[in-house]
There are 2 protein chains.
Amino acid sequence: MTTDKATTAGTRPSPPARPALSRPYIASAALALIDAGGLSAFSMRKLGTGLGVDPMAVYRYFQDQEDLFDAIAETIFDELDVDSLPWDGTWREVAERYCLRLREALLAHPHAVSIFATRPVRSPASIDTGVRIIEGFQTAGFTPAQALQISRCLREFTVGHALSLAVIRLGARSRSRKPTPGSSSYNILAQAADDTEIDEHFDIGLTAMLNGFEALV
Amino acid sequence: MTTDKATTAGTRPSPPARPALSRPYIASAALALIDAGGLSAFSMRKLGTGLGVDPMAVYRYFQDQEDLFDAIAETIFDELDVDSLPWDGTWREVAERYCLRLREALLAHPHAVSIFATRPVRSPASIDTGVRIIEGFQTAGFTPAQALQISRCLREFTVGHALSLAVIRLGARSRSRKPTPGSSSYNILAQAADDTEIDEHFDIGLTAMLNGFEALV
DNA sequence: ACCTGAACACCGTTCAAGT
DNA sequence: ACCTGAACACCGTTCAAGT
């Protein structure tokens, strides 16, 4: 019916239901696919098919899967909305809010945290944010070396935490494995690990680290 | 020549050059293969071939690749030699040495850190160590909830740090990508990130976190 | 310019068969 | 009991061809 030329109305130039392909659009679609089906079920071919296009069309925009995964990491970072961070506040306010936002963005995509955690994010937005944070630390009185080291520690804790939490949450859903009844030591850890409220240990670690850094300045 | 029966000497029952297969032996061989060639070049088939055996023989010992990766994570953890930790010392000494050992074991296998970081390690050795550390924290005066949360924060920072560092070190070797000359902000970060001495920021973060926790007790 | 689809060199995993 | 190898249903990536 609607195959040959324009639609029966004929006015619009029959825009395809799918938006034009582009790097950010494809990266978002890939991330959505991973969110829905998990990383292990993702493939370049399924991405093309899901996009309503030939499985190989994606290679017109990305060199390979690594290139696509780099873009996915940038997509996640962009969800931080760094512009709305309290840039006029103290170094500690900026650092704390940045880490909380990063954690939030990562945990919104539990199946993709490992993609983010296994590559440096080198988008301009990410680099500029890093520079801005480090400059703020220096203004607050930290040495350049300290400022860099502190920013890296905070990010590493945040990413490590989000990765660990994502793994636990996803694992709890898929694993029904019995609690290894033999080892009595298992229960104390497993019970606590699978406990939902334990998610809130991030604040304790972040506060401890920030307190420790505050003593340096 | 040596194909048919025993060797010309004939005394020994012609022991194969390769040791008997077992889960720990296969896991170690897989880890060595990943250390040498990187994770992306690893495959179940190459593992069998590298073991001098049919590519499918490994499936007699491991259910699938996930099962093998679990065992690789346990192999790395076993390199900690937890028994030699200063269990008679303060909670802080135990915590600090544990994190340093864990970092060391992870960085000895940069291509496998992501394997360790993306799954909970549930070997008896790992679980017992976790319990022992948490009990020590409680003895030192932390509440049970605090003890658990603190141990998780320390581990998350350590793993996040090791993963980040491994990624940077491996990336620096494989990437010759020009420094994106347009963005002037790139250099300050890239220069610092690729700087070898920056590796030593782990101590600063660990000390800050431990100081912060010490104030809680 | 952008998309297609055949082709290549691999994968992980299963399973009937060998010894 | 343990290993083999053919077979299945996929992969990522390349590239000549289409429109």
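In what follows, every chain begins at residue 1, and chains take the letters A, B, ... in the order their sequences are listed. Only this structure's heavy atoms are used, side chains among them; waters, hydrogens and symmetry mates stay out.
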Closest nucleotide among dT4(D), dT4(C), dT13(D) to the A57(B) side chain: dT4(D)
Among dT13(C), dT13(D), dC3(D), the nucleotide that comes nearest once only the side chain of Y59(A) is considered: dT13(D)
Mate of dC8(C) where both pairing distances stay under 3.5 Å, Watson-Crick or G-U: dG12(D)
Nearest-nucleotide comparison on DNA chain C, the residue closer to the 5′ end among F42(B) and P55(A): P55(A)
Spacing between L21(B) atom CG and dT4(D) atom P, to the nearest angstrom: 9 Å
Touch class at under 4.0 angstrom, heavy-atom based, for M56(B) against every strand present: base
SB check R60(B) D54(B) (cutoff 4.0 Å): no
Atom pair CD1 (I72(A)) and CD1 (I26(A)), whose distance is rounded to the nearest 0.5 Å: 11.0 Å
S43(A), nearest nucleotide to its side chain (from dG12(C), dG12(D), dT13(D)): dG12(D)
Nearest-angstrom distance from the residue atom CZ of R45(B) to P of dA9(D): 15 Å
Point-to-point distance, once rounded to the nearest 0.5 Å, from CG of L148(B) to CD1 of I134(B): 4.5 Å
Atom-pair distance (OH on Y61(B); P on dT4(D)), nearest Å: 11 Å
Sugar-phosphate only, base, or nothing, as touched by F62(B) at under 4.0 Å among non-hydrogen atoms: nothing
Integer-rounded Å distance: dC15(D) P and Q63(A) CD: 13 Å
Residue matched to dT19(D) through Watson-Crick or wobble contacts both under 3.5 angstrom: dA1(C)
Aromatic plane relationship, H201(B) with H161(B) - under 30° parallel, 30 to 60° tilted, over 60° perpendicular: perpendicular
Separation of dG12(C) C1' from D67(B) CG (nearest whole Å): 14 Å
Which nucleotide in dT4(D), dT13(D), dT4(C) has an atom nearest any side-chain atom of V53(A): dT4(C)
CZ on R119(A) to CG on L170(B), rounded to 0.5 Å: 12.5 Å
Distance test, side-chain N/O of K46(A) to OP1/OP2 of dC11(D), below 4.0 Å: yes
Nearest-Å distance for atom pair CZ/P, residues F69(B) and dC11(C): 13 Å
Between C1' of dG12(C) and CD of E66(B), the distance in whole Å: 12 Å
Distance in angstrom units between D54(A) CG and dT19(D) P, rounded: 14 Å
